[in-house]
Amino acid sequence: MLLTEVEPSVNPLMPATYRVVARRVETDDVVTLSLEPTSGPSLLFRPGQFNMLTAFGVGEVAISISSAPGAPGPMEQTVRDVGAVTHALCTAKVGSTVGVRGPFGTDWGVDELDDSEVVIVAGGIGLAPLRGAISYLVDKPGRTGQVYVLVGSREPDQITFPDDLERWERDGAVVKVTVDNGDAHWHGAIGVVTTLLPTISFDPARTVALVCGPEIMMRFTVRGLADLGVPLGSIRVSLERNMQCGVGWCGHCQLGPLLICRDGPVFAYSEQLERLISERER
Amino acid sequence: MTENIGDLVAEHPLFSGLPTDVAELVGGCSQNVAIATGQLLLEEGEPARSLYLLRRGHVALEVHEPGRVPLVIDRIGPGQAVGWSWMFPPYRWHFDARALEPVGAISVDAECLRAKAEADPAFGYLLMKRIAAVMLDRLQATRVRLLDVYGRDVTH
Amino acid sequence: MLSHMDLSASLIVDRAGLDGLLGALAARGYRTIGPVVRDGAVVQRQVSSTGDLPQGWHDEQAPGHYRLHHDDDSSLFAWAVGPESPKSEFYPARSLVWRTSSTGDVVTLEQPQQESAPAALIGSRPCELAAMRVLDRVFAGGEIPDPCYRDRREGSFVVVAECGTPAATCFCTSMGTGPGVEDGYDLALTELTSPDGPRYLVRVGSARGAEVIAEMGGSPAQPADFASRDAVLENAARRIERKLDAGNVRQLLASNLEHPRWDDVASRCLACGNCTLVCPTCFCGAVSDTTTVDGAVERHRRWDTCFDLAHSLVHTGPVRATTWSRYRQWLTHKLSTWHDQFGTSGCVGCGRCIAWCPVGIDITVEVAAIAASDGAVPVHIESGGDRS
């Protein structure tokens with residue numbers, strides 16, 4: 001059962017124009033843009049999907065949608081400044097126009113998780129593609145499964161969406177944050193995010209885990225979850241590669257037999273996937 | 001003339017100074033191995049089947065990430081040991097270990113070593129003490145490295 | 001769909017009949033694209049009569065080697081394949097995707113309209129037809145078809161010329177793509193030699209094809225003509241030298257990702273990408289945005305190659321940083337993971353990658369070498385060690 005209907009476009013290479021209606025600085029290199037279409041309704045999406053954002057004159061890049069579908073307010077996309085295009089997006093002024101193509105890819109499947117316990121593990125900017133999923137799970141009426149949100153960050157001032165973390169905790173999620181390096185004001189956990197796993201009690205047989213972050217972090221987190229008894233197939237990860245079209249034609253996002261834009265970015269884990277992401281230079 | 005493997009074990013700092021029967025016990029699980037430059041002794045995710053006692057050459061402990069040159073976490077040299085994940089389930093390596101130059105080592109079969117430790121608790125205790133000492137040393141060093149004492153001061 | 005064995009729809013024509021065909025197609029508004037000899041190779045250009053075709057030309061191909069020579073005979077299709085393929089027609093090497101125009105703050109995007117007339121491909125080979133079908137799956141086989149590709153492809157008219165003279169680099173028989181073909185074309189030609197000069201068996205493969213043959217003249221094909229065709233194809237199949245075990249290669253490469261042969265081929269490969277340029281199924285495309293002098297933004301799409309370092313770029317660097325990993329990517333994609341992605345092999349056995357590789361890497365040899373030591377891994381740890 002689908003959460004929302006996805007509307008295909010006739011030529012998926014043609015962007016729609018969206019205006020930046022708000023801009024929020026999250027950390028020293030992360031910005032969240034609020035986007036509204038210049039005409040017509042905003043695109044419908046499921047948490048975990050991504051859009052191809054165009055900074056006109058600079059280029060295009062795949063960015064996860066970080067808001068929840070159906071939430072009030074404009075669609076949000078959180079961008080980390082790591083290159084020419086993301087820099088242009090991070091510095092885009094309110095009122096400027098960007099191009100949006102999408103949504104593309106597979107989603108976290110949150111609409112199937114009403115009764116599961118859900119353990120969400122986010123590393124660094126990996127919280128952005130999970131944000132919409134977490135809000136959906138926390139806010140959905142009638143859900144019975146407990147939601148755990150485990151966040152790992154390099155330093156306390158790199159933690160993204162602190163207001164959401166507090167809000168989710170108020171609304172019933174178990175939220176734990178850890179950093180690699182603390183500072184004088186930090187009274188929370190220190191250590192890699194996998195060290196938080198033994199501190200929550202969840203039933204591995206009834207749990208689905210959603211994991212997103214740098215690939216090293218995802219590999220270790222999956223191992224940590226598996227060692228606690230979560231079946232590999234109940235763990236979902238979000239992968240990333242070079243993307244230039246979003247629709248399986250440009251050939252750049254290949255990972256062995258998979259096309260990340262079409263078969264991912266969200267994947268249920270498996271032995272085969274583990275072998276794939278363990279292979280060097282695949 | 002092939003050397004007795006027990007003697008080679010006894011020469012290695014991890015086991016030196018222990019009674020000769022201990023070195024022989026470990027030698028019974030061991031063989032002399034060579035690894036060419038650039039090859040991997042350990043591969044992340046693969047079954048952890050051996051403890052390596054380095055005798056010649058250096059090894060880099062690495063993590064690979066797509067789009068990056070492998071990140072070197074540590075450098076281990078002659079007289080040190082490589083590989084601890086064989087000690088506890090699920091017996092899988094957590095990192096890669098790559099030979100930075102031609103490496104000569106003693107490869108101690110993990111299943112053999114664990115079985116002998118289970119069968120002879122006195123031996124097992126001696127083994128654990130030696131290993132724990134090395135691990136503590138590494139942990140302290142790693143903690144100090146995390147302080148990033150040479151980093152630029154950042155004023156908030 | 002008319003059966004190829006419907007003899008009443010098959011013709012025997014002479015060269016004048018082919019000229020009739022070209023005229024009929026031009027009159028219907030097609031651009032007739034066919035083989036011509038230019039700069040020492042058989043390439044694809046607009047042709048207006050059979051006088052433009054490679055009469056008397058023959059090719060000689062080997063790893064890293066392509067030569068044409070001319071004989072005083074009246075054959076038109078006695079050569080195998082040149083460096084170009086129908087891919088250029090349906091998926092141009094460079095195309096404009098969109099252009100902006102701005103009025104004040106308002107940005108409008110314009111999509112370029114299909115400008116050129118539909119193409120009639122004259123003399124495509126059966127392996128090239130197979131390649132078109134492979135690309136059909138890539139660009140039009142998923143949930144979202146590429147509308148530009150689909151329009152160009154659906155509008156096209158295809159006249160296949162079956163192969164009578166394969167090159168030494170060909171291995172279509174291994175891939176099940178030639179030297180003959182039974183469907184997927186509008187018309188199929190088989191060049192048959194006769195004392196009075198070549199005659200052409202014309203078979204109809206579509207209603208569009210049936211509609212055009214009336215203007216070719218000729219006479220109904222006879223059983224003897226079909227027997228001649230069979231002889232041409234059998235002879236061609238016998239002449240094919242190279243083999244590739246297509247039934248086994250998908251699994252073979254998937255289970256030999258660490259085989260030492262990859263190191264060996266990487267030591268020879270220049271990562272120049274010639275193979276991907278001449279391959280009729282390679283489809284990778286890169287996108288780039290530029291600004292024009294008058295302030296418009298244009299996005300172009302152009303052919304890309306997985307041998308390029310930037311192909312696998314993520315923000316920290318390329319995933320496939322070495323020639324080793326890029327060659328492995330190309331060959332395992334072409335022969336193995338293409339099946340997982342698109343349900344077919346990516347290779348049609350045309351042999352272009354072998355001929356046009358500057359160092360003569362032969363994929364049939366590479367695959368055979370891996371098969372000969374299936375399961376080999378580079379030796380990491382040798383026991384016995386040293387005595388120091």
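First the proteins, then the strands, lettered A, B, ... as listed; each starts at 1. No experiment lies behind these values; they were computed from the predicted model shown.
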Taking atom CD of A:Glu240 as the centre, does the number of heavy atoms from other residues, nucleotides or ligands within less than 6.0 Å exceed 12?
no

For chain C, the option from A:Met243, A:Gln254, A:Arg280 that forms the most heavy-atom pairs under 4.5 Å:
A:Gln254

Find the one option among A:Ser96, A:Cys245, A:Gly251, A:Ala55 whose heavy-atom pairs under 4.5 Å with chain C are most numerous.
A:Gly251

Measuring only between side-chain heavy atoms, which start at C-beta, is A:Asn51 closer than 4.5 Å to A:Phe45?
no

Hey, mind stepping through A:Arg241 and A:Glu215 against salt bridge (charged side-chain N to carboxylate O under 4.0 Å, His left out) and telling me if it holds?
CA-CA 11 Å; A:Arg241 284 293 184 275; A:Glu215 252 182 60; 2.7 Å; yes

Among C:Thr337, C:Thr332, C:Asp340, C:Thr292, which has the most heavy-atom pairs under 4.5 Å with chain A?
C:Thr337

For C:Gln329, is it the side chain, the backbone, both, or neither that has a heavy atom closer than 4.5 Å to a heavy atom of chain A?
side chain

Under a 4.5 Å heavy-atom cutoff, which of C:Val107, C:Thr291, C:Val314, C:Val106 has the most pairs with chain A?
C:Val107

For A:Glu279, is it the side chain, the backbone, both or neither that has a heavy atom under 4.5 Å from a heavy atom of chain C?
side chain

Go through the steps for C:Arg299 and C:Asp289 under the test salt bridge (charged side-chain N to carboxylate O under 4.0 Å, His left out), then give the verdict.
CA-CA 4 Å; C:Arg299 173 167 298 165; C:Asp289 290 4; 2.7 Å; yes

Per-residue contact mode, A:Thr38 against chain C (heavy atom under 4.5 angstrom)
neither

Max heavy-atom pair count under 4.5 Å with chain A, selected residue of C:Thr108, C:Asp146, C:Thr290
C:Asp146

Quick check on C:Asp304 against chain A: is it the side chain, the backbone, both or neither that has a heavy atom closer than 4.5 Å?
side chain

Write down the atom of C:Val348, the atom of C:Pro280, and the distance for their closest heavy-atom approach.
CG2-CG, 4.0 Å

Going by distance alone, is a donor N or O of one side chain under 3.5 Å from an acceptor N or O of the other, for A:Thr78 and A:Thr32?
yes

Centres of the C:Tyr91 and C:Phe283 rings: under 6.0 Å?
no

In this structure, are over 12 heavy atoms from other groups packed under 6.0 Å from C:His300 atom NE2?
yes

Ring-face cation of C:Arg328 near C:Trp324 (centre distance under 6.0 Å, axis angle within 45°):
yes

With a 4.5 angstrom heavy-atom cut-off, which part of C:Ser102 approaches chain A: side chain, backbone, both or neither?
neither

Are more than 12 heavy atoms from other residues, nucleotides or ligands located less than 6.0 Å from atom CZ of C:Arg99?
no

Is any NZ, NE, NH1 or NH2 atom of the basic residue among C:Glu366 and C:Arg261 found under 4.0 Å from an Asp or Glu carboxylate oxygen of the other?
yes

Count the heavy-atom pairs under 4.5 Å between each of C:Ala296, C:Ser312, C:Ala286 and chain A, then report the option with the highest count.
C:Ala286

Decide, yes or no, whether a salt bridge links A:Glu26 with A:Arg131 under the criterion of side-chain N to carboxylate O below 4.0 Å.
no

State, with a plain yes or no, whether a side-chain heavy atom of C:Arg301 is found less than 4.5 Å away from one of A:Leu13.
yes

Go through the atoms of C:Tyr149 and report whether side chain, backbone, both or neither lie under 4.5 Å from a heavy atom of chain A.
neither

Among residues 262-272 of chain A, which residues come closer than 4.5 Å to chain C, judged by heavy atom distances?
A:Arg262

Aromatic centroids of A:Phe56 and C:Trp98 separated by under 6.0 Å
yes

Which portion of A:Val58 sits near chain C, non-hydrogen atoms under 4.5 angstrom
backbone

I'd like to verify something: which residue of C:Val287, C:Val97, C:Thr100 has the highest number of heavy-atom pairs under 4.5 Å with chain A?
C:Val287

Applying a strict 4.5 Å limit to non-hydrogen atoms, the region of C:Pro145 in contact with chain A is backbone

Side chain, backbone, both or neither: which part of A:Arg80 has a heavy atom under 4.5 Å from chain C?
side chain

Which portion of C:Ala310 sits near chain A, non-hydrogen atoms under 4.5 angstrom:
backbone

